[in-house]
Trainee: 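Got a structure here, written out as structure tokens. Questions coming.
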Amino acid sequence: FPTSIVTVTPDNPVFTGETVKLKCVINSDHSNWRYEWYKDSVILQTSERYTVNRDTLTIRGATESDQGQYWCKGQRDGRPNSSTSSSLSLSVKGFPTSTVTVTPDSPVFTGETVNLMCVINSDHSNWRYEWYKDSVILQTSERYTVNTDTLTIRGATESDQGQYWCKGQRDGRPNSSTSRSLSLSVKDLKPKPELTSDPAGAALTGNTVTLTCRMDPSTGNWDSYWYKHTLNPETEKKKTNSYTLKIDSVSDGGQYWCRAGRGKPVYYTQYSDALWVNVTVFPKAVVTVRPDERVFRGETVTLRCDIKWGGDTEWTYRWEIEGTNNQYKNTVSRTSTQELNISGVDLSHSGKYTCTGQIHTQSSQRSDAVTLTVSAEAQASVRVSPQPWLTEGESVTLICEVSGSSKGWTFSWFRDHDHLSDSSRGAGGSYTLSPAALQHTGVYTCRAERGRPAYYTHNSSSQTLWITGVSASVSLVINPSRSQHFSSDSLSLSCEDKSNSAGWTVRRYTDKDTQTCAKQTGSGCVMDSLSTSDTGVYWCESESGEKRHPRNITVHDGEVILESSVDPVIEGETLTLHCLHRSTNSPILSADFYKDGSLIQNQTTGEMNITTVSKSHEGFYYCKTERGQSLHSWISVRVRVSTASSSLLVIGVSVGLSVCLLFFISLVLLWRHKHKKDQHCNIQQTSVPNPSGESLALNSPLQSGQTQ
């Protein structure tokens with residue numbers, strides 16, 4: 001059967017608006033063919049845009065809708081009677097469009113160099129360009145240059161304003177493209193940028209300030225040029241209209257200004273008004289903590305961020321917390337008020353706290369870190385200075401302390417569980433008895449509190465004070481007579497009364513409780529083998545509960561003890577100390593002696609003597625050898641009542657008695673003299689003559705043996 005094909009004129013693709021002719025070519029020697037045309041299986045008929053003329057299909061004013069698959073079919077009478085072509089794909093494209101662009105953006109300013117470019121949207125080349133202004137074709141001249149697709153206007157003036165458009169032409173299809181017009185506006189006044197800063201006002205060192213060189217957005221894109229008023233002005237070009245200053249020191253402040261520029265050669269705007277950047281050394285934040293950096297679980301803690309700043313600007317505050325436990329391993333930041341309040345702190349709040357202040361985008365210098373340490377519970381403890389046993393008239397101070405914390409506490413004192421109304425709250429935790437009296441004997445405890453709402457510590461352990469009379473007739477005799485003893489040694493104690501020792505027993509107070517000596521024999525006590533648990537205060541106590549002569553006994557399980565008198569040393573006497581060794585119970589040849597922690601003597605005899613003891617020698621003593629160190633013993637010095645004072649007292653009393661006796665005798669003699677004189681006068685005044693010649697005594701006193 002004869003074959004057939006479809007051909008197209010002009011060549012495929014065709015362009016919108018063109019007239020397209022499709023021809024059905026049957027490869028046959030026969031004639032008299034009848035033709036049918038199809039598009040996408042739809043038979044085509046002659047219409048306004050389609051004309052079928054035998055073997056030719058004509059499409060007038062082609063559009064993109066005419067794209068598709070075209071084929072033809074030939075028919076005739078006789079053999080061969082039919083021939084069908086293969087399909088032809090017709091592609092219809094729009095004519096290439098063109099636009100005019102301008103550099104720099106319109107409006108332009110007088111004096112600028114302006115470039116207009118004709119941009120044809122086509123895959124074809126070899127275009128020839130024509131430029132028009134207000135329908136007048138432009139030619140290369142002194143101020144106008146046409147270079148292929150670009151029209152350059154040098155030194156633009158207001159007369160260059162108008163409508164510009166271009167036309168592209170080429171040999172072959174497509175052969176023409178005409179752009180739409182572009183309106184070019186030329187302004188005579190040079191623009192002036194506005195210079196601003198962010199933040200406005202004073203700048204703080206350590207921060208940044210952003211300067212903005214702002215042009216009217218309608219004037220297009222500009223590069224910014226920056227200037228600072230220094231001895232050698234520097235110019236710095238920026239593609240953007242902002243310039244960031246890193247404020248490291250006060251010298252970074254000063255006068256700044258800018259101008260804008262664009263094009264080649266560069267066209268510059270006017271300079272902006274000058275802007276002063278005032279730099280202030282940025283302050284450093286300081287964190288304070290109430291009540292203390294060391295607090296206890298359950299307390300209320302307030303952290304405050306203070307910034308010394310002369311201005312009246314209100315700060316906002318940023319807190320940073322670097323936790324020390326697993327819950328806050330990372331830094332937690334938040335913006336807050338000046339005070340950070342934590343109610344009922346717990347262990348998770350422990351960590352390092354810092355703060356910074358912020359004004360707009362500027363920050364103060366970060367504070368030094370403050371470490372908040374939260375402990376489980378607060379425990380008060382009490383100690384006594386110089387010792388818990390003393391004689392009435394002496395002074396003693398009880399000191400209340402909170403372990404691990406010393407700030408902000410006030411204290412309450414209790415004796416035998418009763419609150420002491422005269423305890424000085426907030427007086428540094430000390431309670432002084434001066435002078436001490438017998439009624440001050442008792443068991444003392446203390447408690448501390450601080451904060452609002454108040455946080456209370458646990459009550460301290462108890463501390464007992466013993467105060468004895470000055471002229472106590474009962475004394476506690478200790479054998480051997482020293483305050484320190486070796487463990488496993490024996491010790492005997494007894495109560496001796498100058499009048500009668502019956503009714504007195506030895507009692508003691510250890511770190512556990514008060515008790516009677518375990519092996520009591522009458523008014524004595526014997527301990528065959530001492531242990532460290534026997535350390536404590538021993539005294540004599542009557543059946544009525546009267547306490548007398550307390551003494552401290554210390555038992556040491558080490559190798560060295562200090563031998564010193566259990567009784568106070570009398571002022572002016574000699575104090576003798578020995579350093580004893582357990583194995584020999586005799587002085588060691590070489591020993592160092594210490595008072596209140598300071599070395600005072602080094603002796604090769606193991607003995608130290610202080611002649612003419614005074615009050616300044618009171619303190620805690622101990623000794624140290626190559627074999628070990630003794631425990632500490634308190635040496636008390638008592639003032640002596642001197643002989644001269646006693647003699648003067650006796651003489652004074654004698655003289656006083658003599659004077660009183662003489663005065664009494666004088667009064668008696670004076671009375672007797674006055675009595676006789678009065679009696680004589682009365683007799684003379686009351687005697688009257690009697691007719692019998694006798695005298696009668698009127699109103700005379702009765703004599704012994706007279707009756708009436």
Trainee: Without swapping roles, check the side chain of T316 against the backbone of Q358 for a donor-acceptor pair under 3.5 Å.
Mentor: yes
Trainee: May I ask you to decide if V555's main-chain N or O and T535's side chain share a donor-acceptor pair within less than 3.5 Å?
Mentor: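 A pair under 3.5 Å: yes.
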Trainee: Could you go step by step and tell me if R551 and L493 meet the side-chain contact (heavy atoms from CB on, under 4.5 Å) rule?
Mentor: CA-CA 11 Å; R551 290 294 180 262; L493 305 98; over 6 Å; no
Trainee: Work out which heavy atom in P388 is nearest to a heavy atom in Q463; give both atom names and the distance.
Mentor: CB-NE2, 3.4 Å
Trainee: In terms of the angle between their ring planes, are Y455 and W409 parallel, tilted or perpendicular, with boundaries placed at 30° and 60°?
Mentor: tilted
Trainee: I'd like to know if the side chain of S434 pairs up with that of T432 as donor and acceptor (distance under 3.5 Å, no hydrogens or angles considered).
Mentor: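 T432 and S434 do not have a side-chain donor-acceptor pair below 3.5 Å.
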Trainee: For residues L580 and E563, report the shortest heavy-atom separation together with the two atoms involved.
Mentor: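 That closest heavy-atom pairing would be CD1-CB, 3.8 Å.
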Trainee: Considering non-hydrogen atoms only, spot the tightest contact between E618 and W634 and give its length.
Mentor: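 Nearest pair, atom of E618 first, then W634: OE1-CZ2, 4.1 Å.
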Trainee: Would you say the side-chain atoms of T441 pair up with the backbone N or O of I467, donor to acceptor, closer than 3.5 Å?
Mentor: yes
Trainee: Strictly distance-based, threshold 3.5 Å: is any side-chain N or O of S375 a donor or acceptor partner for the main-chain N or O of E377?
Mentor: no
Trainee: Is the shortest distance from a Lys or Arg side-chain nitrogen in D489 or R582 to a carboxylate oxygen in the other one below 4.0 Å?
Mentor: no
Trainee: Any heavy-atom pair between the side chains of S363 and N207 that's under 4.5 Å?
Mentor: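 Yes, at least one pair of side-chain atoms sits under 4.5 Å.
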Trainee: Might you confirm whether atom CD of E626 has over 12 heavy atoms from other residues, nucleotides or ligands at distances under 6.0 Å?
Mentor: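 No, CD of E626 has 12 or fewer neighbouring heavy atoms, counting only those of other groups under 6.0 Å.
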Trainee: Backbone N or O of N609 within a donor-acceptor pair of the T576 side chain at under 3.5 Å?
Mentor: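 No; judged by distance alone, with no hydrogens or angles, the pair does not exist.
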Trainee: Please answer whether the main-chain N or O of C446 pairs with a side-chain N or O of S460 as donor and acceptor at a distance below 3.5 Å.
Mentor: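 Yes; at least one donor-acceptor contact below 3.5 Å.
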Trainee: Only pairs under 3.5 Å count here: list side-chain donor-acceptor contacts from residues 292-300, not counting sequence neighbours, and write none if there are none.
Mentor:
residue	atom	partner	partner atom	Å
D292	OD2	S405	OG	3.0
R294	NE	G404	O	2.6
E299	OE1	R450	NE	2.8
E299	OE2	F296	N	2.9
E299	OE2	R450	NH2	2.9

Trainee: What pair of heavy atoms forms the shortest contact from V402 to A378, and how long is it?
Mentor: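 Closest pair (atom of V402, atom of A378, distance): CG1-CB, 4.3 Å.
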Trainee: Test side-chain contact (heavy atoms from CB on, under 4.5 Å) on V506 and W539; report intermediate values, then the result.
Mentor: CA-CA 6 Å; V506 177; W539 68 91; over 6 Å; no
Trainee: Using a strict 4.0 Å threshold on nitrogen-to-oxygen distance, state whether K352 and E320 make a salt bridge.
Mentor: no
Trainee: Would you mind telling me which of W413, F411, F414 makes a ring pair (Phe, Tyr, Trp, His ring centres under 6.0 Å) with H419?
Mentor: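 The ring pair (Phe, Tyr, Trp, His ring centres under 6.0 Å) with H419 is passed solely by F414 among W413, F411, F414.
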Trainee: Closer than 3.5 angstrom, by distance alone: can the side chain of Q338 be matched with the main-chain N or O of C305 as a donor-acceptor pair?
Mentor: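 Yes.
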Trainee: Salt bridge or not for D306 and K308, using N-O below 4.0 Å?
Mentor: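 No.
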Trainee: On a heavy-atom basis, which atom in V613 and which in I610 lie closest, and how many Å separate them?
Mentor: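 Distance-wise, the nearest heavy atoms are CG2-O, 3.5 Å.
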Trainee: Parallel, tilted or perpendicular for Y622 and Y594, by the 30°/60° rule?
Mentor: parallel
Trainee: Could you tell me whether the side chain of S364 and the main chain of G357 form a donor-acceptor pair under 3.5 Å?
Mentor: yes
Trainee: What is the minimum heavy-atom distance between C495 and V474, and which atoms define it?
Mentor: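 For C495 and V474, the tightest heavy-atom pair comes out as CB-CG1, 4.4 Å.
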Trainee: Mind checking whether Q484 and S630 have side chains closer than 4.5 Å, heavy atoms only?
Mentor: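 Side chain of Q484 against side chain of S630, heavy atoms only: contact under 4.5 Å found.
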Trainee: Does the pair R627/E559 count as a salt bridge with the N-to-O cut at 4.0 Å?
Mentor: no
